[in-house]
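First comes the structure, then the notes that go with it.
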Amino acid sequence: MNCKQNGRSNTCYNYILTRRAIITKLRNHEPIIAEIFDSVTIMFSDIPAFGLIVAQSEPLGVIDFLNHLHTAFDRVVAQFDAYKVETINDSYVVRSKAQ
């Protein structure tokens, strides 16, 4: 996550600081208090036939495909009050509007 490029530096830095605090608590075996929001939107994206695509493709082809896919998602997400939470293989998770 690049805080300076996304135009939401305060939100971005708060997210990073919160995430670091949670990681520190987990490492120290401290309890973590869940946050409550009145409203939040989470998008989970997944390619149903990803296993077949991988089985029929060269490794670099899969990497190139995922790079193009995630870059396209990144461009769309950058246009909204949202940020990418995680990408794993073909999965893409975005959080928006936590109020």
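Given the structure is predicted, the values throughout are model-derived calculations rather than measurements. For the single chain, residues carry numbers from 1 onward in sequence order.
In this structure D46 satisfies the side chain to side chain donor-acceptor pair (under 3.5 Å) test together with S91, sequence neighbours excluded. Scored by the ring-ring contact (aromatic ring centres under 6.0 Å, His included) test, F73 finds Y92 as partners (sequence neighbours excluded). Remark: H29 engages no residue in a side chain to side chain donor-acceptor pair (under 3.5 Å) (not counting sequence neighbours).
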Test log, rule side-chain contact (heavy atoms from CB on, under 4.5 Å), inputs L69 and I47: CA-CA 11 Å; L69 179 68; I47 301 171; 3.5 Å; yes

Stepwise side-chain contact (heavy atoms from CB on, under 4.5 Å) test for F50 and L66: CA-CA 10 Å; F50 186 68; L66 290 174; 3.7 Å; yes

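Expressed to the nearest 0.5 Å, how far CZ of F44 lies from CZ of R95 amounts to 12.5 Å.
Counting only residues at least two apart or on different chains, the salt bridge (charged side-chain N to carboxylate O under 4.0 Å, His left out) pairs with a member in residues 64-75 are D74-K84. Residues in residues 49-60 take part in no side-chain hydrogen bond (donor to acceptor under 3.5 Å, both in side chains) pair, two or more places apart or across chains.
Counting Ile, Leu, Val, Met, Phe, Trp and Tyr side chains that sit under 4.5 Å apart, directly or through other members, I63 shares a hydrophobic cluster with L60.
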